[in-house]
Peer 1: 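Following this message is one structure expressed as structure tokens.
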Amino acid sequence: MKIQRHGATLGLIAAGALLLTACGSDNNAPAGATGGASAPASAEQVDCTGKAKLNAEGSSAQKTAIESFVQVYQQKCKGADLAYNASGSGAGVKQFNAAQVDFGGSDSPLSKDKGEVDAAATRCQSNPAWNIPLVFGPVAISYKLDGVTDLTVSGEVAAKIFNGTVKKWNDPAIAALNSSAKLPDKDITVVYRSDESGTTDNFQKYLTAASKGAWTQGDGKAFKGGLGEGKEKSAGVAQAVASVDGAVTYVEWSFAQDNKLSVAKIDNGGGAVELTPETVGKAIDGAKIKGEGNDLVLDLNSIYASTAAGTYPLILATYEIVCSKGYDADTAKAVKAFLTVAATDGQAGLSDAGYAPLPKAFQDKILTAIKAIA
Amino acid sequence: MSTDTADLSRLATPPTFQSVSTARKAKNLTATVLVGLAFLIAVVPLVWVLYTVVQRGFPVVLNADWWQKSLSGLLSRQTGGGVYHAIYGTLVQGLVCGLISVPIGLFVAVYLVEYGGRSRLSKATTFMVDILTGVPSIVAALFVYSLWITTFGFGRSGFAVSLALVLLMVPVIVRTTEEMLKIVPDELREASYALGIPKWKTIVKIVIPTALSGILTGVMLALARVMGETAPVLVLAAYAPYINYNLFDGPMASLPLLMTSERNNPTEAGFDRIWGAAITLVLIITLFNLLATVISRWLAPKTK
């Protein structure tokens, strides 16, 4: 009978749908490992009773850091999870202000001129939004040059490379800082971010602050050096440099590591400084805060223009943009729990992921702000 | 008059084509080579793509975890985990889209073929369907974004994706169903009317069952097509590395979205995930196409 046949078809589809929802697991913890055993238990109490799944979006610079925070968060709070869409700082702010995500990630604080501050306040039920600088990613001046793995640049030389004043790898300006290196007579291929990026913005701010006037192009999210080859996203520029001998770019440290690029030391007046978690930690410690109260907006010039010995100045501060008040109770609890875990136990895994852990004094400031979220 | 038999065996006029001229041979050869080349040009990329996808993706999908787990709690550079969350998202978004578009498409097609005739409304409908067919998926996605999310104030969700896919799927279903209904012989309808059966009953009991196998094939093909769409998931759903069973709330993964989001992951694990997801998507769509063939054979009207 026809009718029976149709019934059978429908039955098959229904059975398939049932089967689909039956199995499937989020558990990716390695078998045999007891959760949380490796992470040092901190004194910080975490309230895991908030909503289970958080939703965040924003800067791709902090993606890997957030992923490692999520791992620790899941050990602390069973069944909790967070989705982080690394669609860029601009998208992060936009989606946060449209109340599509619980918190946003951005390479630059909310801008008053663009109306972002007001829009965020509206989203937070007329409460101010806070910028919390949770993740510090060193930006690496990464290059690929056959035979040269140890290179030092100063802010001034970096500016000249990226605006085209210095065109060859064996230019006297570079050679003066690298007396021991055998620099080849090769063209410098500058690779820059073709999409709008907080990394570009911060890098150009650094050049403005540290180049003793060699960088006159200003800052902004688009690259203004006026030369080179544009590639999309951090992954794109890193891959481009990895495939061209003589190429140089600025990219988050983790991408330089993942693509096995050489990273230049920076001489900011106190000698050549290698990029390590310690030298970056020192730089963060020297940062001044220009935001009010718990709105921890950083004064980046205090880092970039620093000439203190042993500090690596080229760092990208990425903020979590949260509501000070105005979340529903469940969301507020979960946001606080996640950020607390991130600022405490989450710090341990950061250096492996290419970021710098927060120095103690700075961590305390951030925890105060997180606790104040209501 | 006696006829000479020898005359009969001889042709009255010499044969027109005695031998094929060189020019014609050359033309024939050129055409053969050109057609053969065109065939090669069409097939080479296809085989190449399939080969690459299978070669890079197959080792990844052999792992049982791939089909049962999500990517929750894994770093970009960590291998392991699976794409259950994305498979679930792709299938559910596609099926819900199908549930909405099939009735709409079916009714529109029935109207056009059985009732509309050459009325102004039916002409306008056909015109609109034609336009809808040409709408790029990104436009459908942005339309739903502005309507569902900006205007109505709902959050981004898997359901919003389904809505955008509906816009893409309805015209395809209308088109195929229309063609299928048109080839149902008028004699069947007339025989039914002659027995005094009302028009609606004729459509439900005679016309649609006769065309059913073709209609279902069309539906399956349309489903397979929309499940690979990338633009709507990019615009309308946020990616989640964990399993989200709720179509109406929260970020939801799907295979195309997983691939786009892992494209920014330069590590070995990222490549594995992309190729694995690619072959998974190809497999699922192949499965749907096979299902379409089986169903159409199964439901085809028996001619004997």
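Throughout, protein chains are lettered first and strands after them, A, B, ... in sequence-line order, and every chain is numbered starting at 1.
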Peer 1: With a 3.5 Å cut-off and no angle check, do the side chains of Q78(B) and Q71(A) form a donor-acceptor pair?
Peer 2: yes

Peer 1: What's the spacing between L257(B) CG and N85(A) CG if we round to 0.5 Å?
Peer 2: 7.0 Å

Peer 1: More than 12 foreign heavy atoms under 6.0 Å from CZ of F143(B): is that the case here?
Peer 2: no

Peer 1: Below 4.5 Å from any heavy atom of chain A, which atoms of L71(B) appear? Answer side chain, backbone, both or neither.
Peer 2: backbone

Peer 1: Sorted by first residue and then second, give each ring-ring contact (aromatic ring centres under 6.0 Å, His included) pair with at least one member in residues 65-106 of chain A; sequence neighbours left out.
Peer 2: Y73(A)-F338(A), F103(A)-F338(A)

Peer 1: Would you mind checking which part of R77(B) comes under 4.5 Å of any heavy atom in chain A, side chain (CB onward), backbone (N, CA, C, O), both or neither?
Peer 2: side chain

Peer 1: Side chain of D26(A), backbone of S70(B): donor and acceptor closer than 3.5 Å?
Peer 2: no

Peer 1: Below 4.5 Å, heavy-atom pairs only: which of G250(B), A238(B), A240(B) has the largest tally toward chain A?
Peer 2: A238(B)

Peer 1: Pick one of side chain, backbone, both or neither for E268(B), based on which atoms fall under 4.5 Å of a heavy atom in chain A.
Peer 2: neither

Peer 1: Contact part of D81(A) toward chain B, heavy-atom cut-off under 4.5 Å: side chain, backbone, both or neither?
Peer 2: both

Peer 1: Would you mind checking which part of L82(A) comes under 4.5 Å of any heavy atom in chain B, side chain (CB onward), backbone (N, CA, C, O), both or neither?
Peer 2: backbone

Peer 1: Going by residue number, which parts of residues 50-58 of chain A are within reach of chain B, meaning a heavy-atom gap below 4.5 Å?
Peer 2: K53(A), L54(A), N55(A), E57(A)

Peer 1: Can you tell me if R263(B) has over 12 outside heavy atoms packed within less than 6.0 Å of its CZ?
Peer 2: no

Peer 1: Pick from Q100(A), Q239(A), K63(A): which one has the most heavy-atom pairs with chain B under 4.5 Å?
Peer 2: Q100(A)

Peer 1: Looking at every non-hydrogen atom in both residues, tell me the closest pair between A83(A) and P251(B) and how far apart they are.
Peer 2: CB-CG, 3.8 Å

